[in-house]
Engineer: 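Supplied in structure tokens, the structure appears directly below.
Computed from a prediction, not measured in an experiment: that's the story for all the values here. Index from 1, following the sequence.
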Amino acid sequence: MKSKDVRKTPGFSYIEEKGVIHKFYNADKAHKHCKQIHGKLEEIRFKMKEFGYAAETSFVLHDIGDEEKENALYQHSEKLAVAFGLICGDCHVVIKLISKMYNREIIVRDRVRFHRFKDGTCSCRDYW
């Protein structure tokens with residue numbers, strides 16, 4: 001694959017805030033509000049643990065330690081976009097919980113469909 005220069009398209013997420021579209025990539029640090037976004041992610045991480053959330057590190061396929069896997073999960077573009085939305089929020093489970101914790105309706109598009117998160121549930125009925 002390297003010899004043929006085959007590359008994976010990086011995952012990204014969009015969020016609209018006051019008519020402006022913001023685009024986030026996994027582990028993105030390019031946004032002008034990067035520090036506030038990552039600070040909000042830490043707050044979310046802490047609150048989620050209080051609600052009983054434990055990161056599903058089995059989804060991280062890299063050969064790294066569990067703590068690094070958990071950190072990698074918190075850098076997904078969807079979470080960066082949601083955190084940005086909250087400073088001006090295993091992404092599916094996290095966004096459901098965030099919608100409940102912060103009493104917000106959140107609409108996120110993945111590669112296939114739109115998801116509407118409200119009151120801790122998703123419009124896809126967990127079919128993602």
Side-chain angles (χ1 to χ4, degrees):
M1 290 179 75
K2 280 186 181 181
S3 66
K4 294 186 184 210
D5 200 31
V6 175
R7 297 175 192 218
K8 180 182 181 280
T9 304
F12 59 88
S13 298
Y14 294 107
I15 186 169
E16 180 182 349
E17 193 258 337
K18 296 181 183 175
V20 177
I21 302 293
H22 298 266
K23 185 176 184 177
F24 294 90
Y25 291 94
N26 289 343
D28 198 340
K29 295 198 185 305
H31 196 277
K32 67 181 181 178
H33 297 295
C34 177
K35 287 183 181 179
Q36 295 94 328
I37 292 167
H38 287 272
K40 181 57 81 173
L41 275 176
E42 283 302 312
E43 175 190 317
I44 292 168
R45 188 178 193 168
F46 180 77
K47 283 188 173 189
M48 297 211 35
K49 285 184 179 183
E50 287 180 344
F51 273 75
Y53 172 75
E56 297 180 26
T57 58
S58 63
F59 289 114
V60 179
L61 303 178
H62 301 289
D63 186 23
I64 55 179
D66 283 341
E67 187 174 333
E68 291 172 278
K69 287 180 180 185
E70 187 175 335
N71 289 334
L73 287 171
Y74 278 98
Q75 298 299 314
H76 282 181
S77 63
E78 300 91 337
K79 292 176 186 150
L80 293 170
V82 169
F84 174 72
L86 289 173
I87 65 167
C88 310
D90 35 310
C91 300
H92 203 256
V93 173
V94 168
I95 297 170
K96 285 193 321 183
L97 195 51
I98 289 170
S99 75
K100 185 175 184 173
M101 289 177 357
Y102 287 92
N103 193 28
R104 299 276 180 106
E105 179 177 355
I106 302 167
I107 299 173
V108 176
R109 186 183 193 293
D110 64 17
R111 290 176 287 158
V112 180
R113 66 185 58 82
F114 284 92
H115 298 262
R116 180 176 169 256
F117 298 91
K118 186 174 181 183
D119 300 323
T121 62
C122 180
S123 60
C124 77
R125 296 187 183 131
D126 293 330
Y127 180 77
W128 54 278

Engineer: Is there a donor-acceptor pair under 3.5 Å between the side chain of Ser99 and the backbone N or O of Gly120?
Structural biologist: yes
Engineer: Quick check on Glu50: does its CD atom have over 12 non-hydrogen neighbours (other residues, nucleotides or ligands) under 6.0 Å away?
Structural biologist: yes
Engineer: Report the relative orientation of the aromatic rings in Phe24 and His31; use parallel for angles under 30°, tilted for 30 to 60°, perpendicular for over 60°.
Structural biologist: parallel
Engineer: Just verifying a value: how many Å separate Cys122 SG and His115 NE2, rounded to the nearest 0.5 Å?
Structural biologist: 5.5 Å
Engineer: Can you tell if the side chain of Arg116 reaches within under 4.5 Å of the side chain of Ile107, non-hydrogen atoms only?
Structural biologist: yes
Engineer: First locate atom CD of Glu105, then atom OG of Ser123, and finally report the distance between them rounded to the nearest 0.5 Å.
Structural biologist: 9.5 Å
Engineer: Hey, could you give me the NE2/CD distance between His62 and Glu68, rounded to the nearest 0.5 Å?
Structural biologist: 11.0 Å
Engineer: At what distance, to the nearest 0.5 angstrom, does NZ of Lys49 lie from CD1 of Ile44?
Structural biologist: 13.5 Å
Engineer: Can you tell if the side chain of Asn71 reaches within under 4.5 Å of the side chain of Arg45, non-hydrogen atoms only?
Structural biologist: yes
Engineer: Output the rest of the hydrophobic cluster of Ile21: all Ile, Leu, Val, Met, Phe, Trp and Tyr residues reachable through side-chain heavy-atom contacts under 4.5 Å, sorted by chain and number.
Structural biologist: Phe12, Tyr14, Tyr25
Engineer: Identify the two heavy atoms, one from Glu56 and one from Leu73, that lie closest to each other, and give their separation to 0.1 Å.
Structural biologist: O-CD1, 3.7 Å
Engineer: Tell me whether Asp119 contacts the main-chain N or O of Lys100 through its side chain, where contact means a donor paired with an acceptor under 3.5 Å.
Structural biologist: no
Engineer: Let me see the working for Lys29 and Leu80 under side-chain contact (heavy atoms from CB on, under 4.5 Å), right down to the final yes or no.
Structural biologist: CA-CA 10 Å; Lys29 295 198 185 305; Leu80 293 170; over 6 Å; no
Engineer: Give every donor-acceptor pair under 3.5 Å between a side-chain atom in residues 34-41 and any protein atom, sequence neighbours left out.
Structural biologist:
from  : atom 1 : to    : atom 2 : distance (Å)
His38 : NE2    : Asp28 : O      : 3.2
Lys40 : NZ     : Glu43 : OE1    : 3.2
Lys40 : NZ     : Glu43 : OE2    : 3.2

Engineer: How far apart are the closest heavy atoms of Ile64 and Lys69, and which atoms are they?
Structural biologist: O-CE, 3.3 Å
Engineer: What I'd like to find out is whether the side chain of Ile98 reaches to under 4.5 Å of the side chain of Lys47, using heavy atoms alone.
Structural biologist: no
Engineer: Roughly how far, to the nearest 0.5 Å, is the NZ atom of Lys32 from the CZ atom of Phe84?
Structural biologist: 8.0 Å
